[in-house]
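Because the structure is a prediction, the values reported are computed rather than measured. Heads up: numbering here begins at 1 and tracks the sequence.
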Amino acid sequence: MEKKKYYITTAIAYTSRKPHIGNSYEIVLTDAIARFKRLQGYDVFFLTGTDEHGQKIEEYAKTAGVTPKEYVDKVSGEIREICDMLNTTYDKFIRTTDDYHEKCVQKIFKKLYDQGDIYKGSYEGHYCVPCESFFTDSQLVDGKCPDCGREVTNAKEEAYFLKLSKYQKRLEEHIEKNPDFIYPESRKKEMLNNFIKPGLQDLCVSRTSFKWGIPVTFDDKHVIYVWIDALSNYITALGYDPDGSSELYKKYWPADVHIIGKDIIRFHTIYWPIMLMALGEPLPKQVYGHPWLLFGEDKMSKSKGNVIYAEDLVKRFGVDAVRYYLLSEMPHAQDGSISYDTMIERFNSDLANTLGNLVNRTVAMVNKYFDGVLPCNTALEPVDDELKTLVSNAYKPFEQAMDTFHIADALDAVMSIAKRCNKYIDETMPWALAKDEEKKDRLSTVLYNLVESIRILAVLISPFMPETSKAIFAQLNTDITDYESVKTFGAIKEGAKVGTASPLFARIDAQKMIEEIKAETEAKIKAEQANNNKVKEAIEGVAQIGIDDFAKVELRVAEIKDCEHVKRAKKLLKLTLDDGTGKPRTVASGIAKWYEPEQLIGHKVIVVANLKPATLCGVESAGMILAGDCGEDDVKVVFVDSMPVGTKIR
């Protein structure tokens, strides 16, 4: 019998920077679902990858002194390493710089243009650089980007547009007829009420202000903008082609589910379905917008200094413990949180105590009392039926939770087995039974029930903690690991021999680990303070001068083309300036406390152009920008946006 297919995807990660653990949650979540479907017997295709074009990447590469391709090669490699480190089982890793993808995207664009769904016009509105999105006045929130809350800049540009308005009614009807298309329900209401029903505006799908993108074949001034480029990955990865698609595409499309962050649900439930409608292709069956993983109460942000990376956690806790925390701590429709304190607490209570201790002492008792040979199951008591009923029915709430992406609830269903087994040990007291020879049959029954319960637990936990599952199977010395075997109690046969007991998770000394983390953090802060003192000396070390000395200072108007935080220096921003000389100028400025990079990009400032270069926190700074002390703890940069780049200030 042919297996049922299941096609699942993550959003492709943007290659601007190395992702933090909040970004990594999605790949672990998707992997758990993919593993579960394979466990059920599905033929699964699991896609992930990287989104590698755009203005931000072009600017980052320029600042780094490398080509855009060199830049994305590095970051894409880091992203793939994280996927592998977290033991994810993707079937394909697509990059939007892959040749086959670029060629297909060009064909898609041309097809939509030829049939009248894309037309040429011009755009005038507000542009958010971090989100790479245009907005109208009505879409702004308090004059800022409605998605990220940052400042926007005015922009006017020739562009091609996709006719979203043409397909609005059809999209509405599809969403109404397919109530699970946008999931959960709150996301569906948000899309319908806030975006679709008020009226869709046609979408800008090309750009002329940068070159790092896929060229429009019939108009080389334009590159294809992110929406058609990035979103098409879900079909190009399978071999879609407007001129004739592959058998792989015909087999797996439409996708069963796109797993994406809640912040990009508009793109996946409005732009993407309309693109597919225009192409005449089926729509994905479901789009699940998952919540965010926060650091404490805040969204992780490099600018806030609250970023945790996957390798930091894996180094301290191990891969499976990190996977367990990410999947068990995230509610279905609300943001989850992570901190070292809570992670240590959950590691010790759930993994070391509840799960690890259960497996260790059960296998140890079988070895101690029966020389490792699993005894018969004959001396039954009512408490056994209660245990066996819970364990053999655990797959029902587990399966229901997995099918509706309530992943934390699915893990709860699995861990309820471990908790019930520990309670069963307290109720039956096998160590006391072992002291009475007449109760040996009862002891054998208790231990059999524990071993079989742990085996079922190990099967169900395998999508979340695959290596832990394998370790449990090894200690039980069983190869009965199929999903069907969890639905009835008693798959392990009498006389089976268990393996050797070994701790699955060693308890963490919480105080010691927190002190180590604090010491590392303090060392970083001290290094930053030392560097910042150098910056302060450079900024404030100005003596009284005469008119002749002042005449030596060259002041120029320069435009801020790029800006980013400087590693290991909380107060520093690294600015890349165009001062009209034709050569980019890098300046390190101690204004990070008062400005985010996005607030500065595109503005014009006055730069001291003939200042002797100095290296600050690893950044060679060739100049200073003018700013004013406007009261206690308030600094404002002097903006001169009305002046041409290169203007000399006298």
Side-chain angles (χ1 to χ4, degrees), residues 6-11 21-40 42 44 46-48 82-83 86-90 180 182-187 255-265 285-294 310 313 317 319-338 342-343 346-347 349-351 354-355 394-419 456-469 483 486:
Y6 192 84
Y7 180 33
I8 185 170
T9 73
T10 68
I21 193 64
N23 305 133
S24 303
Y25 163 71
E26 185 174 298
I27 188 73
V28 175
L29 166 67
T30 309
D31 180 66
I33 299 166
R35 286 177 180 270
F36 166 64
K37 287 298 179 182
R38 292 193 197 102
L39 188 63
Q40 284 187 308
Y42 283 78
V44 173
F46 170 14
L47 176 71
T48 193
I82 291 170
C83 293
L86 292 169
N87 196 11
T88 61
T89 55
Y90 54 88
D180 292 330
I182 304 176
Y183 191 76
E185 179 75 14
S186 58
R187 312 271 187 253
D256 290 271
V257 63
H258 293 316
I259 305 292
I260 61 165
K262 65 179 182 179
D263 53 330
I264 55 173
I265 197 156
K285 296 176 185 176
Q286 192 169 50
V287 179
Y288 171 50
H290 64 74
W292 285 329
L293 181 67
L294 307 178
L313 295 175
F317 301 98
V319 174
D320 271 13
V322 173
R323 288 174 62 102
Y324 175 80
Y325 185 91
L326 292 177
L327 297 171
S328 64
E329 196 66 19
M330 183 70 84
H332 174 63
Q334 296 176 328
D335 295 332
S337 67
I338 186 168
T342 54
M343 187 147 186
R346 292 293 298 277
F347 182 98
S349 63
D350 294 5
L351 301 182
T354 301
L355 178 59
Y395 79 93
K396 294 176 183 176
F398 166 81
E399 197 172 287
Q400 182 180 8
M402 289 299 293
D403 286 341
T404 55
F405 308 129
H406 287 73
I407 308 301
D409 292 341
L411 256 174
D412 279 346
V414 180
M415 292 301 289
S416 70
I417 296 176
K419 292 172 183 175
I456 290 173
L457 179 155
V459 175
L460 295 179
I461 210 169
S462 62
F464 316 107
M465 305 173 70
E467 296 307 309
T468 299
S469 177
Y483 188 63
V486 307

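- With values rounded to the nearest 0.5 angstrom, T30 atom OG1 is found 11.5 Å from H258 atom NE2.
- Ring pair F405/Y288 is parallel by interplanar angle, where below 30° counts as parallel and above 60° as perpendicular.
- Formation of a donor-acceptor pair under 3.5 Å by the T354 side chain with backbone atoms of S349 is found in this model.
- Residue I33 holds its CD1 atom at 6.0 Å from OH of Y6, rounded to the nearest 0.5 Å.
- Interatomic distance, M343 CE to E329 CD, rounded to the nearest 0.5 Å: 10.0 Å.
- The two atoms that bring A401 and A410 nearest to each other are CB-N, 3.5 Å, heavy atoms only.
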*Walk me through it: do I338 and L313 pass the test side-chain contact (heavy atoms from CB on, under 4.5 Å)?*
CA-CA 11 Å; I338 186 168; L313 295 175; 3.6 Å; yes

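- Considering every non-hydrogen atom in both I21 and L326, the closest pair reads CG1-CD2, 3.9 Å.
- Of the inter-residue distances, the one linking Y25 atom OH with I259 atom CD1 reads 8.5 Å to the nearest 0.5 angstrom.
- Remark: side-chain polar atoms of D31 are paired, donor with acceptor, to backbone N or O of T89 under 3.5 angstrom.
- For CD of E185, the number of neighbouring non-hydrogen atoms (other residues, nucleotides, ligands) closer than 6.0 Å is greater than 12.
- Judged by distance alone, with hydrogens and angles left aside, the side-chain atoms of T48 form no donor-acceptor pair with the main-chain N or O of T10 at under 3.5 Å.
- Checking side-chain atoms of R187 against main-chain N and O of V287 turns up no donor-acceptor pair under 3.5 Å.
- Nearest heavy atom pair, residue F46 against residue A34, reads CD2-CB, 3.9 Å.
- When all heavy atoms are compared, the tightest approach of G289 to P184 is O-CD, 3.7 Å.
- Distance check, rounded to the nearest 0.5 Å: CD1 of I417 to CD1 of I461 gives 9.0 Å.
- The main-chain N or O of P463 is found under 3.5 Å from a side-chain atom of R323 such that the two form a donor-acceptor pair.
- Atom-to-atom distance recorded for I8:CD1 and L47:CG is 10.5 Å, nearest 0.5 angstrom.
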*Applying side-chain contact (heavy atoms from CB on, under 4.5 Å), run through D350 and L355 and close with a yes or a no.*
CA-CA 6 Å; D350 294 5; L355 178 59; over 6 Å; no

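- Residues E467 and V319 form no side-chain contact, since every pair of their non-hydrogen atoms from C-beta on lies 4.5 Å or further apart.
- With R35 contributing its side chain and F464 its backbone, the two residues share no donor-acceptor pair below 3.5 Å.
- The backbone N or O of V28 sits nowhere less than 3.5 Å from a side-chain atom of T88 that would complete a donor-acceptor pair.
- For the pair W292 and D263, the minimum side-chain heavy-atom distance is below 4.5 Å.
- Heavy-atom minimum distance, M330 versus P291: SD-CG, 3.7 Å.
- Under the salt bridge (Lys or Arg N to Asp or Glu O under 4.0 Å) criterion, D320 pairs with no residue at all, not counting sequence neighbours.
- Here the options are L39, I407, L411, D409, the test is side chain to side chain contact (heavy atoms under 4.5 Å, CB included), and the partner is M402; only I407 passes.
- Classified by interplanar angle (parallel below 30°, tilted 30° to 60°, perpendicular above 60°), the ring pair F317/F347 is tilted.
- The backbone N or O of D180 lies less than 3.5 Å from a partner atom in the side chain of Q286, making a donor-acceptor pair.
- N23 has its side chain out of reach of I82: every pair of non-hydrogen atoms, C-beta onward, lies at least 4.5 Å apart.
- Under the side chain to side chain contact (heavy atoms under 4.5 Å, CB included) criterion, A11 pairs with E26, Y234, I260, I264, not counting sequence neighbours.
- In this structure a side-chain-to-backbone donor-acceptor pair under 3.5 Å is missing from Y483 to K37.
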*asked:* Let's go through Y325 and T342 carefully: what are the C-alpha distance in whole Å and the side-chain angles of both, what is the deciding distance for side-chain contact (heavy atoms from CB on, under 4.5 Å) to 0.1 Å, and is it a yes or a no?
replied: CA-CA 9 Å; Y325 185 91; T342 54; 2.8 Å; yes

